[in-house]
Number of protein chains: 2
Amino acid sequence: MPNWETPLNEKNADAGADRRTQLRDRLIDIAQETVAAQGLDGLKARDLAAAAGCALGAIYTAFHDLDELILRVNARTLARLELALDAAFVDAEAEQALEAMARAYLSFARKEEPSWRALFEHRLPPGAPVPAWYADDRNRLFSRLDAPLAQLLPGKDATARAALAHTLFSAVHGVIALGLEEKIAETPPKLLDEQLGVLIRLLAAGLMMESARLI
Amino acid sequence: MPNWETPLNEKNADAGADRRTQLRDRLIDIAQETVAAQGLDGLKARDLAAAAGCALGAIYTAFHDLDELILRVNARTLARLELALDAAFVDAEAEQALEAMARAYLSFARKEEPSWRALFEHRLPPGAPVPAWYADDRNRLFSRLDAPLAQLLPGKDATARAALAHTLFSAVHGVIALGLEEKIAETPPKLLDEQLGVLIRLLAAGLMMESARLI
DNA sequence: AATTCGGCATGAACACCGTTCATTTTCTTG
DNA sequence: CAAGAAAATGAACGGTGTTCATGCCGAATT
């Protein structure tokens, strides 16, 4: 058991910890590039160690699992996705904001398809709980829809709005996920653009009606 | 290369082929049970051979791959799903039929969650084409929506209707998939029921408006 | 400064995976 | 019944993630 409690008075008391986080970051960087280029299945412990210039076992001094490393990579992907959604968020009309975010989501999925797929392909071992920091990162995604929905449905309370945000996001995700999935249908890009527009038009019409009913 | 072209005049000329298909069916049966109980990851070649009472190599006399076996298992799952959707298809009002099918889809996903997940978790090796027989089985799913949509939108042509069916199915699938995905949100069952209802109400309202516009 | 000592990086080794193929076994055939 | 072809077998292969006895190195002590 290391002497964590009494760090010595040296200036580089926890130099070991520094090198640890340095290695962590380097491994996450490389894993991120690997996943972006070859998908989750392209991530191999030995290749990763070779690319990072460290020993195979060193990976397991920085992370408990490869799963933990993958969650870190996915967290970064989520952060990039948030940035992409925010960039699309023109706070003009609520309806247009929702459409812009849906289009941005499709655009991101296309541009970073392997990384985006990794968000949903990865499963932790059965019984392993999702780390709180990852759940938070993910929940922030849905909250992006909150402001437009509040504008569109002022009568709804916050929890109902959060549930609706989740539902709308899931619906858009479903269309995009199955549309990009070549195994399911191989939808031509133009058709997918069009069908996403159809979905949004249908949902928007429904929201308008909902809004009218609540008034 | 076996002498397929000239089966001999014996009564059990192709006894080998019979035993082959017999073994195939037995392996699919066992794999189906395994996937239903433990998910795709629970399917191991050695366990499968042991359960079937055959040699490890015998699996590869019946199937080229484990992937091929998995596709067969998934095809059976698709067939059961089709049955479940058909059972829910009360051909009364189109809107109610669509809702009933969505509810039946959620019910099936809950009752056979590991098998249902296997439909979407499984990926064939990169570059491998999807067998035509599997693509057909999958396309039949969407076609279930065609009749209600035709009733609801008589103006739309068949290809547009097929695309719309695909879109609606995908949206419902997205809500159910992310709702059942504990990694994403752990939606309480009652809330998921409710949100599926919300989605259907929104989409139905949109379809009504679409229908009105087309007339 | 020499010497001990403790903690950490190391990569060979382990358990397990899907897949193959030399060997054995089985069956058909002349 | 013998000879040959055909098919089943499971040990072996190459690959995976993970572990842990080993040796190294830097710090503390005499």
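Remember, predicted model here, so these are calculated numbers, not experimental data. Chain identifiers are assigned alphabetically (A, B, ...) following the order of the sequence lines, protein sequences preceding nucleic acid strands; residue numbering begins at 1 within each chain.
Two residues are said to be in side-chain contact when any heavy atoms from C-beta on lie closer than 4.5 Å; B:E68 and B:Y134 fail this criterion. Looking at heavy atoms from C-beta onward, B:L98 lies out of side-chain contact with B:I200 at the 4.5 angstrom threshold. Between B:L149 and B:L168 the shortest side-chain heavy-atom distance falls below 4.5 Å. Side-chain contact between B:L202 and A:T167: absent, with no pair of heavy atoms (C-beta onward) separated by less than 4.5 Å. Annotation: side chain of B:M101 is in contact with side chain of B:R144 (closest heavy-atom distance under 4.5 Å). Two residues are said to be in side-chain contact when any heavy atoms from C-beta on lie closer than 4.5 Å; A:F108 and A:L85 fail this criterion.
The distance between atom CD1 of A:I70 and atom C1' of D:dT18, rounded to the nearest whole Å, is 14 Å. Rounded to an integer number of Å, the gap from B:R26 CZ to D:dA8 P is 12 Å. For the pair B:E68 CD and C:dT19 P, the interatomic distance rounds to 11 Å; values are reported in whole Å. Summarising the geometry, the separation between CG on B:L69 and P on C:dC17 is reported as 16 Å, rounded to the nearest angstrom. Straight-line distance from the NE2 atom of B:H64 to the C1' atom of C:dT19: 10 Å, rounded to whole Å. In this structure, A:L66 atom CG and C:dC16 atom P are separated by 18 Å, rounded to whole Å. Look at CD on B:Q22: it is 15 Å from C1' on D:dA8, rounded to the nearest Å.
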Worksheet item: Should B:D29 and B:R76 be marked as a salt bridge (Lys or Arg N to Asp or Glu O under 4.0 Å) after you check the CA-CA gap, both sets of side-chain angles, and the distance that decides it?
Response: CA-CA 10 Å; B:D29 285 342; B:R76 289 195 181 180; 2.7 Å; yes
Practice prompt. Go through the steps to decide whether B:E99 and B:R103 satisfy the test salt bridge (Lys or Arg N to Asp or Glu O under 4.0 Å), and finish with yes or no.
Written response: CA-CA 6 Å; B:E99 165 154 15; B:R103 300 260 177 223; 3.3 Å; yes
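For the segment residues 27-53 of chain B, residues with any heavy atom less than 4.0 angstrom from an atom of DNA chain D are, sorted by number, B:R46. A heavy-atom distance below 4.0 Å to DNA chain D is reached by these residues of residues 55-62 of chain B, ordered by number: B:A55, B:L56, B:G57, B:A58.
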Table please: side-chain donor-acceptor pairs of residues 109-120 of chain A below 3.5 Å, with sequence neighbours left out.
unit_1	atom_1	unit_2	atom_2	d
A:R110	NH1	A:D193	OD1	2.9
A:R110	NH2	A:P189	O	3.1
A:E112	OE1	A:R80	NE	3.2
A:E112	OE1	A:R80	NH2	2.7
A:E112	OE2	A:R80	NE	2.9
A:E113	OE2	A:R117	NH1	2.1
A:W116	NE1	A:Y105	OH	2.9

Please tabulate, one pair per line, all N/O donor-acceptor pairs under 3.5 Å involving side-chain atoms of residues 35-54 of chain A, not counting sequence neighbours.
unit_1	atom_1	unit_2	atom_2	d
A:K44	NZ	A:D41	O	3.1

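In this structure, A:E33 has no side chain to side chain contact (heavy atoms under 4.5 Å, CB included) partners at least two apart in sequence or on a different chain.
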If you restrict it to nitrogen or oxygen atoms, what contacts under 3.5 Å exist between nucleotides 23-26 of chain D and the protein, and what is each distance?
none

